[in-house]
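A, B, ... follow the sequence lines: proteins, then strands. Residue 1 opens every chain.
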Amino acid sequence: MLTMFLLLLASAQVSMTVPAGEEPVEPYVIQDSNAGATPYKTDRWFKAFHGQPGIDRIVESFMDRNIADPVIGEIFKNQDDVRIRRTLKEQICYLLGGGCAYTGRDMKGAHQNMGVQTADFNALVENLQWAMREEGIAFAAQNKLLAKLAPMKRDVVER
Amino acid sequence: MAKTARLTLFAPLLAIIFPSLPAFAQGDYRSGGKLLLTGGVTSVEGASGGGLATWSTIAGDETERGIGASASATWIETRDFGMTAFGGKIGLFDRVELSYARQRFDTNAAGAALGLGAGFAFGQDVFGAKLRLFGDAVYDQDRFLPQVSIAVQHKHANRGAVIGAIGGRDDSGTDYVLSATKIILDKSLVLGGAARLTKANQFGLLGFGGDRQGAATVQFEGSAGVLVSHKLLVGAEYRSKPDNLSFAQEDDAYDLFAAYALHRHLTVTAAYVDLGDIATVKAQRGFFLSMQAGF
């Protein structure tokens with residue numbers, strides 16, 4: 001029991017070291033399951049996304065588009081943009097079987113009090129589809145990622 | 001007093017059908033926001049669906065916080081016959097759909113051979129209501145459960161005298177449809193199935209019930225499509241139909257379709273359709289074209 005507690009405390013401490021350019025966050029337990037879905041068992045889809053450089057480009061253009069979006073741009077104001085980009089890159093790499101560790105919060109915690117509605121979630125999906133097309137990702141591979149992300153709507157959207 | 005009693009009964013029902021209604025009442029109304037193509041296209045009966053088959057989708061571009069609508073025009077041209085359907089549908093909070101379609105079935109030159117007179121046309125009004133019961137075709141990618149809806153379609157045909165003469169029992173009837181639709185994203189597939197309790201002869205244009213079979217029967221509708229791009233769905237549909245009239249065997253219908261979103265507000269569906277023999281006139285195959293505009 002005490003070991004459990006110390007372990008939890010230890011992992012909580014890890015999250016408190018703030019990466020460069022990011023703002024400090026409330027401590028939380030770092031674990032891959034925070035990514036909200038289980039990863040693919042092969043790296044086939046990670047490769048279909050042109051590996052980490054491809055994922056990085058997708059996340060950059062996706063986030064730029066979200067921030068400029070007339071409908072959902074507002075949600076990204078006052079958010080830690082540097083942190084979102086870093087954790088998104090980790091999350092996509094992890095889900096696509098790229099072997100990354102995911103160090104972000106779970107989906108419910110990360111989106112708490114953001115007031116995301118279904119229409120916002122869908123606008124986000126369409127921006128991601130746009131970014132994946134820009135990177136030239138095959139449509140079937142795009143859907144492999146979307147299949148992992150779609151059920152997260154339950155934790156992201158607040159009724 | 002009676003009014004209050006009715007309200008108390010009605011309020012929980014409303015809360016079940018529209019769980020987001022409190023948000024709406026607080027002024028959180030929001031139009032648009034559905035993912036492209038997930039409101040479906042238009043079936044011949046005017047409900048959201050494929051061309052021939054019913055889908056469990058709710059029409060319009062709205063989410064659970066808004067109201068959407070679309071209008072549609074459909075043309076079917078087979079070797080001997082022509083059919084048009086014009087309609088409109090309203091989607092309420094991605095939960096309830098109300099639809100109307102006016103169908104016209106033109107016998108062209110074959111009308112003379114059938115003894116009706118060349119250019120004789122059958123018409124029908126279809127009033128539909130659909131309720132999404134549970135499941136989400138799009139987001140529930142981690143569950144087997146499809147999106148399931150129940151629908152009622154009341155149809156009224158305009159050629160009662162002819163319907164009676166060919167052995168039809170009624171010029172109006174009501175279909176009940178239970179439908180299930182699922183997008184399997186990681187395979188880029190869209191699958192749908194529906195069971196329809198119906199007496200309709202040739203969708204109802206030739207009346208309801210007949211001298212061979214008077215009672216309603218359960219018919220099956222199936223559809224399978226592949227998402228080719230975020231704008232394009234290509235697939236096939238099958239629809240079984242009752243065989244109620246002794247003067248002519250009624251066949252099942254098939255189509256091969258492509259539904260393409262030209263724009264968020266404009267979708268076109270083109271299909272090759274096989275309606276089989278219609279009223280003794282053999283092998284009615286041809287094309288199907290449908291336009292849908294909505295918000």
Problem set entry | Pair B:Y139-A:V125, side-chain contact (heavy atoms from CB on, under 4.5 Å): steps then yes or no | CA-CA 11 Å; B:Y139 305 111; A:V125 170; 5.6 Å; no
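- For the pair A:T118 and B:E64, the minimum side-chain heavy-atom distance is below 4.5 Å.
- Contact of B:I184 with chain A is not made at all, since no heavy-atom distance falls under 4.5 Å.
- Heavy-atom contacts from other residues, nucleotides or ligands closer than 6.0 Å to CD of A:E60 number more than 12.
- Around the OH atom of B:Y176, the shell of radius 6.0 Å holds no more than 12 heavy atoms that belong to other residues, nucleotides or ligands.
- B:D186 contributes atom CG, which lies 11.5 Å from atom CG of A:L145 (distance to the nearest 0.5 angstrom).
- Taking CG from B:D140 and CZ from A:R154, the interatomic distance works out to 5.0 Å, rounded to the nearest 0.5 Å.
- Of the charged side-chain nitrogens involved, at least one lies within less than 4.0 Å of a carboxylate oxygen, so that B:R30 and A:D120 count as a salt-bridged pair.
- Nearest heavy-atom pair across A:A140 and B:S188 is CA-OG, 4.0 Å.
- Most heavy-atom pairs under 4.5 Å with chain B, from the set A:Q142, A:Q129, A:M152, A:K153: that is A:K153.
- By the 4.5 Å heavy-atom criterion applied to side chains, A:L146 and B:H230 are not counted as neighbours.
- A salt bridge is absent between A:K148 and B:D142; no separation between the charged side-chain nitrogens and carboxylate oxygens falls under 4.0 Å.
- A 4.5 Å side-chain heavy-atom check between B:L35 and A:F121 finds every atom pair outside the cut-off.
- B:V228 has its side chain out of reach of A:F139: every pair of non-hydrogen atoms, C-beta onward, lies at least 4.5 Å apart.
- Proximity to chain A (any heavy atom under 4.5 Å) is shown, for B:L227, by both the backbone and the side chain.
- B:G32 and A:A119 make their closest contact through O-CB, 4.3 Å (heavy atoms, listed as atom of the first residue, atom of the second, distance).
- Salt bridge annotation for A:E126-B:K34: absent, with no cationic side-chain nitrogen under 4.0 angstrom from a carboxylate oxygen.
- With a 6.0 Å radius and a threshold of 12 heavy atoms from other residues, nucleotides or ligands, A:R44 has its CZ atom at or below the threshold.
- A pairwise comparison of heavy atoms in B:Q141 and A:A147 identifies CB-O, 3.4 Å as the closest pair.
- The backbone N or O of B:G33 lies less than 3.5 Å from a partner atom in the side chain of A:N122, making a donor-acceptor pair.
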